[in-house]
Amino acid sequence: MANIRVSIIQFPGSNCDHDAYHAAELQDWHPVLIWHKDHDLQKPDLVILPGGFSYGDYLRCGALAKFSPIVGEVIQFANSGGLVLGICNGFQILTESGLLPGALLVNRSLQFICQHQFISVEDTDTAFTNRIELGKILDIPIAHKEGNYFIEPDGLKELEDNGRIIFRYCDKSGKITEDSNPNGSISNIAGICNQKRNILGMMPHPERAAEDILVSQDGKGIFQSLTHFFECSL
């Protein structure tokens, strides 16, 4: 088993940091919690920006978090090729900090959504999805009010042309329809990666579906893919 070091960033308002920590331990990784005021990522193999409400979502979700000292370190780490996984609020922080394109807007219902959600795996050529079958339907919980992904048409075309849309919202049979879109995201987008494919942002919470005692274990595939990636990189 690879000695995988994982730095999980904590902000005032984070509430999924310990969920991510637990999911990392289940993979026999070595997680550590890093406070937002710190300047040292502690030499990780992977950085996780967890879900929650960093800084109370003041101004916009993720808008203040991007100014945290540790996020500057995350940006340097990501730009040097380090793996970064942003979940829910972490995805919002990634877009606000410019590491991923687009923006997360208020859900079209204007309501907070907390439910199990089906998503389709649209690309497996990433460290995060290499052990998941292309087109597989995953049952991954969502919990957000600002999960409505938006990007301008040119940006959407670039994502589609380069296989950067990693997950889409779908129904139980895998059909990608308007009815299966919980928040109004353009093109049913639930997760995207950057051009170098070392950064993944996703609104669903795989860490909440990564253990046998839970209703769904479909989040395991993402963590198992990362383990496989690191083992193959040794």
message = I need the L156 CG to R164 CZ distance, nearest 0.5 Å.
response = 11.0 Å

query = In terms of hydrophobic clustering (I, L, V, M, F, W, Y; side-chain heavy atoms under 4.5 Å; direct or indirect links), are V106 and I113 co-clustered?
reply = no

Spacing of K66 atom NZ and Q92 atom CD [to the nearest 0.5 Å] = 13.5 Å

inquiry  = Quick check against the 3.5 Å criterion: does T124 have a side-chain atom that pairs as donor or acceptor with the backbone of N130?
reply    = no

key: Close side-chain approach of T95 to L104, heavy-atom, < 4.5 Å   = yes

ask   = Quick one: do F128 and I137 end up in the same hydrophobic cluster if we chain Ile, Leu, Val, Met, Phe, Trp and Tyr together by side-chain heavy atoms under 4.5 Å apart?
value = no

task = Take S120 and E122 through the side-chain hydrogen bond (donor to acceptor under 3.5 Å, both in side chains) test and state the conclusion after the steps.
result = CA-CA 6 Å; S120 172; E122 299 291 296; 2.8 Å; yes

Other ILVMFWY residues reachable from F112 by side-chain steps of under 4.5 Å = F53

query = Is the backbone of T129 close enough, under 3.5 Å, to the side chain of T126 for a donor and an acceptor to pair up by distance?
reply = yes

message = Is it the case that the side chains of N162 and E158 hold a donor-acceptor pair, with the cut-off being a distance below 3.5 Å and no angle test?
response = yes

message = Using 0.5 Å steps for rounding, measure from the OG atom of S7 to the CD atom of E73.
response = 11.0 Å

task = Could you tell me whether the side chains of N188 and N181 share a donor-acceptor contact shorter than 3.5 Å?
result = yes

key: Smallest separation among heavy atoms of L134 and V121, with atom names   = CD1-O, 3.7 Å

Non-hydrogen atoms of F11 and S54 that approach each other most closely = CB-CB, 3.7 Å

message = Please evaluate residues L83 and F229 with respect to the criterion side chain to side chain contact (heavy atoms under 4.5 Å, CB included), reporting the C-alpha separation (whole Å), side-chain torsions for both, the decisive distance (0.1 Å), and the verdict.
response = CA-CA 11 Å; L83 291 180; F229 173 82; 3.6 Å; yes

ask   = Can any side-chain N or O of S216 pair as donor or acceptor with the backbone N or O of A209 at less than 3.5 Å?
value = no

query = With ILVMFWY side chains joined below 4.5 Å, transitively, what does F150's cluster contain besides itself?
reply = L105

task = I would like to know whether L59 and L64 meet side chain to side chain contact (heavy atoms under 4.5 Å, CB included); could you show each step before the answer?
result = CA-CA 8 Å; L59 298 183; L64 294 181; 3.7 Å; yes

inquiry  = I'd like to know whether H22 forms a side-chain hydrogen bond (donor to acceptor under 3.5 Å, both in side chains) with E211, so could you lay out the CA-CA distance, the side-chain angles of the two residues, the decisive distance to 0.1 Å, and finally the verdict.
reply    = CA-CA 10 Å; H22 182 61; E211 194 169 5; 3.0 Å; yes

key: K175 bridged to D171 by N-O distance under 4.0 Å   = no

task = Indicate yes or no for a side-chain donor-acceptor contact from D19 to the backbone of E207 under 3.5 Å, with no hydrogens or angles considered.
result = no

ask   = Is E178 salt-bridged to R108, cutoff N-O under 4.0 Å?
value = yes

task = Would you mind reporting whether Q115 and Q117 have side-chain heavy atoms less than 4.5 Å apart?
result = yes

request  = For S185 and Y169, run side chain to side chain contact (heavy atoms under 4.5 Å, CB included): C-alpha distance rounded to whole Å, both residues' side-chain angles, the deciding distance at 0.1 Å, then the answer.
outcome  = CA-CA 9 Å; S185 291; Y169 300 113; 3.8 Å; yes

query = Out of curiosity, does L41 fall in the hydrophobic cluster containing I8 (side-chain heavy atoms, cut-off under 4.5 Å, transitive links)?
reply = yes

note = Of all heavy-atom pairs linking G52 and N15, the shortest is CA-OD1, 3.2 Å

task = Considering only NZ, NE, NH1 and NH2 on the basic side and carboxylate oxygens on the acidic side, decide whether R168 and E160 come within less than 4.0 Å.
result = yes

Nearest atoms (heavy-atom pairs only) where D218 meets I140 = C-CD1, 3.6 Å

query = Are P204 and L138 side-chain neighbours, meaning at least one heavy-atom pair lies under 4.5 Å?
reply = no

inquiry  = Return the NE2 to CD distance between H144 and Q111, rounded to the nearest 0.5 Å.
reply    = 12.5 Å

message = With a sphere of 6.0 Å drawn around CZ of R197, does it hold more than 12 non-hydrogen atoms of other residues, nucleotides or ligands?
response = yes

inquiry  = Applying a strict under-4.5 Å side-chain criterion to I, L, V, M, F, W and Y, I'd like to know whether V32 and I48 cluster together.
reply    = yes

message = For a 4.5 angstrom cut-off between non-hydrogen side-chain atoms, does W29 reach D45?
response = no

remark   = In I189, D123, I192, I222, the residue satisfying side-chain contact (heavy atoms from CB on, under 4.5 Å) with F167 is I222

message = Using side chain to side chain contact (heavy atoms under 4.5 Å, CB included), reason through L49 and I87 one step at a time and then give a plain yes or no.
response = CA-CA 6 Å; L49 296 168; I87 302 170; over 6 Å; no

task = State, with a plain yes or no, whether a side-chain heavy atom of K37 is found less than 4.5 Å away from one of S68.
result = no

query = Is the closest basic N to carboxylate O distance between K220 and D212 below 4.0 Å?
reply = yes

query = Got a sec: does the CG of D154 have more than 12 other heavy atoms crowding it under 6.0 Å?
reply = no

inquiry  = If you define the side chain from C-beta out and look only at heavy atoms, does anything of I151 sit under 4.5 Å from Y149?
reply    = yes

query = When hydrophobic residues are tied together by side-chain contacts of less than 4.5 Å, even through go-betweens, does Y58 share a cluster with V71?
reply = yes

remark   = Tightest non-hydrogen contact, residues A23 and F223, listed as CB-CZ, 3.9 Å

key: Distance in Å, Q10 CD paired with I70 CD1, rounded so as to fall on 0.5 Å steps   = 11.0 Å

inquiry  = Side chains of S180 and F118, heavy atoms from C-beta outward: is any pair under 4.5 Å?
reply    = no

key: Donor on one side chain, acceptor on other, T177 and D179, under 3.5 Å   = no

task = Indicate the atoms forming the closest heavy-atom contact of L94 with G201, along with that distance.
result = CD1-CA, 4.0 Å

ask   = Does the pair Q27 and T227 meet the rule for a side-chain hydrogen bond (donor to acceptor under 3.5 Å, both in side chains), with working shown?
value = CA-CA 7 Å; Q27 287 294 311; T227 295; 2.9 Å; yes

note = Rounded to the nearest 0.5 angstrom, the CG-CZ distance for L46 and F230 is 5.5 Å

side-chain hydrogen bond (donor to acceptor under 3.5 Å, both in side chains) assessment of S109 paired with N107 = CA-CA 5 Å; S109 67; N107 299 340; 4.8 Å; no

request  = Could you tell me whether the side chain of C114 reaches within less than 4.5 Å of the side chain of I142, counting heavy atoms only?
outcome  = no

